[in-house]
Amino acid sequence: MALRSVATCPRSLRRFFSTSGFGFPPRPAAPQPREEAEPSTNLFVSGLSKRTTTEKLREAFSPFGEVIHARVVTDHVTGYSKGFGFVRYAKIEDAAKGIEGMHGKFLDGWVIFAEYARPRPQPPSPQNSGYAN
DNA sequence: GCTGAGCGT
């Protein structure tokens, strides 16, 4: 008898999602347009061969400037390369020459792409985050 | 250890 009332839909609430033109935010935000990042000493290199290692990456970018650090990103489980890496130069002008000199070039049989790496969120340091005891 | 765009152990 009284079990048919569970399916009564409140039409008053449905109008907010059907008749209004603002059901959901059309575009929350676009903090990263996924375009070129700002010039920095940190470079993002993609298109690497699976066999390209960190030292080969460094050797490839060394002639264009002083490479502070180079690293091919590898999976921490399998240990294999993910096909991209990072190169950090001592100066931005060196990084620019590294991009100019290696972007679109071949490395281990693959055309690599060199561009400025995007800044990534820095982990807050509990000893220097501004909080005093 | 590959399928191959993509922003890190």
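Per chain, numbering begins at 1; letters A, B, ... match sequence-line order.
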Distance, rounded to the nearest Å, where [X] contributes [atom1] and [N] contributes [atom2]:
| X | N | atom1 | atom2 | result |
| --- | --- | --- | --- | --- |
| A:Tyr80 | B:dT9 | OH | P | 18 Å |
| A:His76 | B:dG8 | NE2 | P | 12 Å |
| A:Tyr116 | B:dC7 | OH | P | 19 Å |
| A:Ile112 | B:dG6 | CD1 | P | 17 Å |
| A:Lys82 | B:dT9 | NZ | P | 5 Å |
| A:Arg118 | B:dA5 | CZ | C1' | 11 Å |
| A:Phe113 | B:dG6 | CZ | C1' | 11 Å |
| A:Phe84 | B:dC7 | CZ | C1' | 6 Å |

Heavy atoms only, 4.0 Å cut-off, all strands: where does [X] land among base, sugar-phosphate and nothing?
| X | value |
| --- | --- |
| A:Thr74 | sugar-phosphate |
| A:Gly85 | nothing |
| A:Leu43 | nothing |

* Give a yes or no on whether a donor-acceptor pair under 3.5 Å exists between the nucleobase atoms of B:dG8, that is its base, and the side chain of A:Asn42. => yes

* A:Phe44 ring center near A:Tyr116 ring center (under 6.0 Å) -> no

* Asked: Using centres under 5.5 Å plus planes under 30 degrees as the test, is A:Phe86 stacked with B:dG8?
  ->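 According to the criterion (under 5.5 Å, under 30°), yes, A:Phe86 stacks.
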
* To do: With the side chain of A:Glu115 defined as its heavy atoms from C-beta on, choose the nearest nucleotide among B:dG6, B:dC2, B:dT9.
  =>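 For A:Glu115, the side-chain atoms sit closest to B:dG6.
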
* What nucleotide, of B:dG8, B:dC2, B:dC7, holds the atom closest to the side chain of A:Val73? ->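 Looking only at side-chain atoms, A:Val73 lies closest to B:dG8.
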
* Would you call the rings of A:His103 and A:Phe113 parallel, tilted or perpendicular, where under 30° means parallel and over 60° means perpendicular? ->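 Perpendicular: the ring planes of A:His103 and A:Phe113 meet at over 60°.
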
* **Closest-nucleotide 5' rank along DNA chain B - winner of A:Arg71 and A:Ser49** => A:Ser49

* To do: Assign each of A:Arg88 and A:Trp110 to its nearest nucleotide of DNA chain B by heavy atoms, then name whichever residue's nucleotide is nearer the 5' end.
  =>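 Of the two residues, A:Trp110 wins.
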
* Would you give the length of the straight line joining atom CD1 of A:Ile92 to atom NZ of A:Lys97, rounded to the nearest 0.5 angstrom? => 13.0 Å

* Rounded to the nearest 0.5 Å, how far does CG of A:Leu43 lie from NE2 of A:His69? ->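 It comes to 13.0 Å.
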
* Among A:Leu57, A:Val73, A:Val45, A:Val72, which one satisfies side chain to side chain contact (heavy atoms under 4.5 Å, CB included) with A:Phe86? -> A:Val73

